[in-house]
Participant: 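Handing you this structure, nothing more for now.
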Amino acid sequence: MPAAPATDPPLLEIRDLRVHFRTPAGVFEAVGGIDLDLTPGEVLGLVGESGSGKSVAMKAVLGLLPPQARVTGQIRFRGRDLLTLPEREMRRLRGGRIAMVFQDPLTAFNPVVTIGDQIGEMLWLHDRALSRRQLRARTEELLALVSIPEPGRRIGAYPHEFSGGMRQRAMIAMALANDPELLIADEPTTALDVTVQAQILDVLRGLQARLGIGLVLVTHDLGVVAGMAREIAVMYAGRIVEAAPVDDLFAAPRHPYTRGLIGAVPRPDGGGRGPLVAIEGSPPGLTERLSGCAFAPRCPLAAARCTAERPALRALGSGRAACHFAGAPAPAAAEAAR
Amino acid sequence: MARYLLRRLLAMPLLLLGVATAAFLLGNVVKGDPLASILNERQMNNPEVVAAAKARWGLDRSMPERYAIYLGNLAQGDFGTSFRTKRPVMRDLLDRLPATLELVFSAMLFGSVTGIALGVAAAHWQNGPADHGARLLALIGSSVPVFWSSLIALYVFSVQLGWLPGAGRLDAAIRPPESVTGFLTVDAALAGDWHAFGNALGHLVLPSVMLGWAVLGIISRMIRASMLDVMQQDYIMTARAKGAGTLRVLLRHALRNALVPALTIIGFTFAYLITGAILTETVFSWPGIGSYAVDAARALDHPAIIGVTVLGALAFLTANLLTDIAYVFANPRIRLG
């Protein structure tokens, strides 16, 4: 990715981020060196299947990984490396300038505390001077911001008294409580009904644009990021296999995995390329990281070179891709497939 | 909730009736003549005295008759008269209940607070020295017989070191405060008699700690297990992502949820100790329900035995009810109905 101009410093710069988990059975690599950039007010889509390391990478940004995780590389937020930041300062960033929205709003809220108190706690943790009345007023404002009806009445409700969509709205309201500059949304719609998913995405998109928040949208669903992100990074087995501006990625996907993902997204406008195609097989587990290209066992283009040599992520056109055949003209790639 | 409570309260007399019946029947099939505890040996040889005593205590009547009379009295709150103390059982129980309650309250306070703290620490530093230390402490408390550990504690802290007063509730030289609640510490404080207060408190320390230690094991293990479970929950991650510190995450977010299953144990243990603190009360000469139960059993004092049994059942039912109510406050997802 080209270096950002000095006038527009990146909000988030991730360089060679690696996460290893120490377990009794050995050390496993969950994230194998990724680079990501996000400029303020932009939306980055981080796409991959479960276990691709996308959530782990984002939890590393907030320092939320368990103690048995070893995180190396650099995570620079506004130029400051978060990995070297003392815990006290990290705590101030968490929920303050960097907030997170989790996948399942039912389990992500404390079941025995009211929604209002949980949002109030978020405010109070970052401004102890707030009075009870101020907390309540601000909490009601936040609930109204995400279009929760009758916020004054809802404030005393417990999470189980909210519907799934309302819970996720409340979760977004809580994340936005302290006007964060960076919002990480980890599969924010996955646990919701399809009909509610679109509403939540609307809320997120609207508020992101209105408040000028930098957003990392983590999802396994290309359809979710298609309408929101300017840039998309596709992860597979702990690494980024392709990153490109959203239009280019959909118009000319360079990595066979991305092509597979796009082929697996239903298109209501009928503009698809024939029937839906599933990607054969399943991603490798943490214990079986391969020396060559991790996607080779499932790849229609796989050749001898793919299992022997791991393809580097190289610049191609407007984006980057990590495939030996990514730069090759289409016929050659098709030939290799045979 | 009100309807639920009403239903539970209405069911209580029925359950108590069952307990009283069982205790009455068991008391009657036990071998041994209660007259032996009423009369001395010489009187037992005099048929006239025996007949008079039998008539006086109703022992000449048939069992169904006695059962009917007993239940009739029980319904009026009359537990009968003790063969041994010759006083109404109800008055004996009421005299001794405050001593037991004071002991059990402070033992449960010590056991719960320490048990919860140990459980939280053990879960937070899982498999670390704190965890092993807490496990050892819990194991010792649960497995060492309380009469033995109490004797050792009395010997060391009272006899050898002289840090704490010995057995009983109050030194003989100290005038007991005017009885208001029956709790010597509270009554002394109410009377402004700080000398008696200090002495009563000192007397309370050893038995409470020894009894509390015996119950903190199960409480700390329970808290540890549910804390470990709760710490894996998503909302703990959320709390950390909000910028909450470790202590806040542990106590406000994790413990509040982990406490719910432990409430059962705490309520149950409390009820159990009302009549179950026998060994502690005996070792520390604590004039409570437990030692009264032992004396009653030894003397085949049927009215007293049944009285203690019914009191124990009442304690259990009350503790259960209170636990169920506590659930509603601890966990808003629970609705009684």
Side-chain angles (χ1 to χ4, degrees), chain A residues 24 55 58-59 61-68 87-115 117-128 156-161 170-171 174-175 177-178 180 183-184 186 191, chain B residues 1 116 120-131 223 226-264 266 323-337:
Chain A
S55 281
M58 288 305 108
K59 279 171 188 158
V61 171
L62 277 173
L64 291 178
L65 292 173
Q68 58 269 27
E87 171 64 19
R88 227 167 55 89
E89 291 195 36
M90 269 313 283
R91 233 162 59 198
R92 220 164 354 191
L93 283 182
R94 278 187 213 124
R97 298 171 68 190
I98 310 178
M100 194 152 177
V101 171
F102 292 95
Q103 174 172 348
D104 187 347
L106 178 59
T107 57
F109 272 120
N110 189 333
V112 303
V113 182
T114 62
I115 296 270
D117 280 352
Q118 298 193 55
I119 297 177
E121 183 188 28
M122 179 84 154
L123 292 162
W124 179 83
L125 281 168
H126 295 275
D127 185 357
R128 306 281 166 114
Y158 288 94
H160 70 277
E161 296 169 331
M171 178 61 69
M174 184 161 84
N178 298 307
L183 180 64
I184 298 171
D186 189 359
Chain B
M1 175 129 164
I116 289 170
V120 170
H124 182 57
W125 289 290
Q126 191 190 0
N127 296 325
D131 191 10
I223 290 282
S226 55
M227 279 293 284
L228 285 178
D229 177 47
V230 166
M231 291 301 284
Q232 299 298 319
Q233 300 295 318
D234 288 349
Y235 53 80
I236 297 301
M237 176 81 79
T238 309
R240 292 181 57 214
K242 286 161 82 170
T246 309
L247 202 63
R248 191 173 175 83
V249 170
L250 278 176
L251 298 184
R252 184 177 155 85
H253 290 279
L255 182 60
R256 264 197 74 175
N257 284 278
L259 215 49
V260 176
L263 277 178
T264 314
I266 293 174
T323 306
D324 285 350
I325 295 170
Y327 269 150
V328 179
F329 291 99
N331 187 348
R333 285 165 300 180
I334 294 175
R335 283 246 171 75
L336 299 181

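Throughout, protein chains are lettered first and strands after them, A, B, ... in sequence-line order, and every chain is numbered starting at 1. Nothing here was measured: the structure is a model prediction, and the numbers come from that model. Below, all heavy atoms of this structure are taken into account, side chains as well, without hydrogens, waters or symmetry copies.
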Participant: Can you confirm whether A:Arg88 is buried at CZ, in the sense that more than 12 heavy atoms of other residues, nucleotides or ligands lie under 6.0 Å from that atom?
Facilitator: no
Participant: Check each atom of B:Arg248 against the heavy atoms of chain A and say whether the ones under 4.5 Å are side chain, backbone, both or neither.
Facilitator: side chain
Participant: Would you mind checking which part of A:Leu125 comes under 4.5 Å of any heavy atom in chain B, side chain (CB onward), backbone (N, CA, C, O), both or neither?
Facilitator: side chain
Participant: Do A:Asp186 and B:Met237 have side-chain heavy atoms sitting under 4.5 Å apart?
Facilitator: no
Participant: For the residue pair A:Pro111 and B:Pro332, what are the closest heavy atoms and their distance?
Facilitator: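 For A:Pro111 and B:Pro332, the tightest heavy-atom pair comes out as O-CG, 3.5 Å.
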Participant: Search all heavy atoms of B:Ala330 against all heavy atoms of A:Val112 and return the closest pair with its distance.
Facilitator: O-CG1, 3.4 Å
Participant: Of the backbone (N, CA, C, O) and the side chain (C-beta and beyond), which part of A:Phe109 lies under 4.5 Å from a heavy atom of chain B, both, or neither?
Facilitator: backbone
Participant: Select, from A:Ala108, A:Gly63, A:Ala99, the one with the greatest count of heavy-atom pairs under 4.5 Å involving chain B.
Facilitator: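 The residue among A:Ala108, A:Gly63, A:Ala99 with the greatest pair count is A:Ala108.
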Participant: Could you tell me if the side chain of A:Leu62 sits less than 4.5 Å from the side chain of B:Arg240, heavy atoms only?
Facilitator: no
Participant: If you count heavy-atom pairs within less than 4.5 Å of chain A, which of B:Gln233, B:Lys242, B:His253 leads?
Facilitator: B:Lys242
Participant: Rounded to the nearest 0.5 Å, what separation is found between the OH atom of B:Tyr235 and the CG atom of A:Asp104?
Facilitator: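 Going from OH on B:Tyr235 over to CG on A:Asp104, the span is 13.0 Å.
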Participant: With heavy-atom distances below 4.5 Å as the criterion, would you say the side chains of B:Asn257 and A:Asn110 are in contact?
Facilitator: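 The answer is yes; the side chains approach within 4.5 Å.
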Participant: Taking side chain as everything from C-beta outward and backbone as N, CA, C, O, which of these in A:Met90 sits under 4.5 Å from a heavy atom of chain B? Side chain, backbone, both or neither.
Facilitator: neither
Participant: Using side chain to side chain contact (heavy atoms under 4.5 Å, CB included), reason through A:Gln118 and B:Thr238 one step at a time and then give a plain yes or no.
Facilitator: CA-CA 10 Å; A:Gln118 298 193 55; B:Thr238 309; 5.8 Å; no
